[in-house]
There are 2 protein chains.
Amino acid sequence: MTTTAEKLKAASPSKRELIVAAARKLFLETGFGSTSMDAIASEAGVSKRTVYSHFQNKEQLFAAIMGDMCRIISGSNPDEPIPDEKPELVLKVIGLHILHSVLQHEALDVFRVVLAENATFPELGKAFWKAGPEVMKDYLAGYLSELDQRGVLSVPDPDMAAFQFMGMIKWPYHIRLLFGAGDLPTEAELEAALDQAVSVFVNGTKPNR
Amino acid sequence: MTTTAEKLKAASPSKRELIVAAARKLFLETGFGSTSMDAIASEAGVSKRTVYSHFQNKEQLFAAIMGDMCRIISGSNPDEPIPDEKPELVLKVIGLHILHSVLQHEALDVFRVVLAENATFPELGKAFWKAGPEVMKDYLAGYLSELDQRGVLSVPDPDMAAFQFMGMIKWPYHIRLLFGAGDLPTEAELEAALDQAVSVFVNGTKPNR
DNA sequence: GTCTATAAATGGATAGAC
DNA sequence: GTCTATCCATTTATAGAC
């Protein structure tokens, strides 16, 4: 038996992908309100009727596209167990991973657009949050909690400490790139800032002073 | 002699203020694209023609409103000289000030809307940046630089350290409120998190270990 | 499924009277 | 300056042919 969902899926993947690519590009560039279905159809090289044969309406198209983006972000999260190395090294590796993910051009656009439309698409905001920052917080908090139990560092509130470490390394570059108040830092700058942050964090949470 | 500017100003302050209030409310709530001039006129209780007699067009109205908001934000920045107290205390007082400014409902809306429209109104993004984060960074960096010179703390890069401190205290709550992934923290929660951050930062930048 | 053409509604901006 | 009424472009969404 052929369900409606199967029919839609079997349809024409090629055109559908053109539409998705065009919509993603335009939504990320100009947001929900300023992107018209005309522009999407034109960018995809298909007629507007074709767009509407694949997606119910503009809201649904936007939600589908941005939901995908959140899932992509989610896929870039680490899931390996954390190696038993010096905390300085582990935190630097995790920190570099975070910085590389979050300072990408596309990630900045997703951040901007999801945030802008947070009032009209609250599910997207939550999806973004759960796929990105929260996963990373849990990952880091687990590690910090373990260090605390082993007496390596003193971290009474691992969740807050994880957030604070993330804020410390992210925010300085993230906010400047978001507002166009600075260029993409070089790898050397990034590492220098990260070293400074890791040093402060580790020395600041040493159990015995 | 009566200039055009004086004429406009002398006109009818009452209606103009109604328009400004309505525009501010709607722009902050629903952003630039999703707010119509019809809605603004209706919310202000005036005709659309009256709106256009005070402001050239939608862009100019938006820029005027959001420029004002940036100036208001700017006015809330501290300018007092920093007292000669223990760094822990000074950083906590400054930190509390930052948190109170940045976690306000209106400040969150300004952040969201200016960021959303950064591509179309880049001047606003820069104005926001210069009025808010950059001023605070300079203020903090000056203090940290002084502590470094006096040998109280070791802060080789005061600008980056200031950014990192700001990120550490702001980000955990700021990002959650922006994405609607958490409630406004109580004063006690705020202070607890701040104490933790200040402790890490000060202990982590002690010159002699 | 895909196209051309078009309906229906909305939004920015203006005309003209007072 | 302020109002009512209106123009015109744009936009979402659909009808109907193939």
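None of these values were measured; they are calculated from a predicted model. Each chain gets a letter, A, B and so on, in the order the sequences are listed, and its residues count up from 1.
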Original post:
Closer than 4.0 Å, any side-chain N/O of Thr50(B) to the OP1 or OP2 of dC3(D)?
Top reply: yes
Original post:
Just by modelled atom types, is the Gly167(B) backbone N or O under 3.5 Å from a matching donor or acceptor in the Lys170(A) side chain?
Top reply: no
Original post:
To 10°, what angle do the rotation axes through the five end pairs on each side of the helix from dG1(C)-dC18(D) to dC18(C)-dG1(D) form?
Top reply: 10°
**OP:** Could you tell me how the ring of Phe27(B) sits relative to the ring of Phe62(B): parallel (under 30°), tilted (30 to 60°) or perpendicular (over 60°)?
**Re:** perpendicular
**OP:** Whole angstrom is fine here: how far is it from CZ in Phe62(B) over to P in dG11(C)?
**Re:** 17 Å
**OP:** Locate the shortest heavy-atom distance separating Pro172(A) from Met160(B); write the atom from each residue and the value.
**Re:** CB-SD, 4.0 Å
**OP:** Assign a letter to each nucleotide of nucleotides 8-18 of chain D from its 5' end: B, base within under 4.0 Å of a protein heavy atom; S, sugar-phosphate only; -, no contact.
**Re:** ---SBBBBB--
**OP:** Please report the closest heavy-atom contact between Pro83(B) and Val90(B), naming both atoms and the distance.
**Re:** O-CG2, 3.8 Å
Original post:
Which residues, if any, of residues 112-122 of chain A bring a heavy atom under 4.0 Å of DNA chain D?
Top reply: none
Subject >> Heavy-atom pair of closest approach, residues Leu108(B) and Leu103(B) >> reply: CD1-O, 3.7 Å
Subject >> Atom CD of Glu123(B) with >12 non-hydrogen neighbours under 6.0 angstrom >> reply: yes
Original post:
Taking all non-hydrogen atoms of both residues, which atom of Ala162(B) and which atom of Leu140(B) are closest, and how far apart?
Top reply: CB-CB, 3.8 Å
**OP:** Taking all non-hydrogen atoms of both residues into account, name the closest pair between Gln104(B) and Ser101(B) and its distance.
**Re:** NE2-O, 3.5 Å
**OP:** Please state how far atom CZ in Phe55(B) lies from atom C1' in dT14(C), giving the value in whole angstrom units.
**Re:** 18 Å
Subject >> Closest non-hydrogen atom pair between Leu26(B) and Thr35(B), with its separation >> reply: O-OG1, 3.2 Å
**OP:** Please determine, by modelled atom types, if Gln60(A) and His54(A) share a side-chain donor-acceptor pair under 3.5 angstrom.
**Re:** no
Subject >> Whole-Å distance separating the CD atom of Glu17(B) from the P atom of dG1(D) >> reply: 14 Å
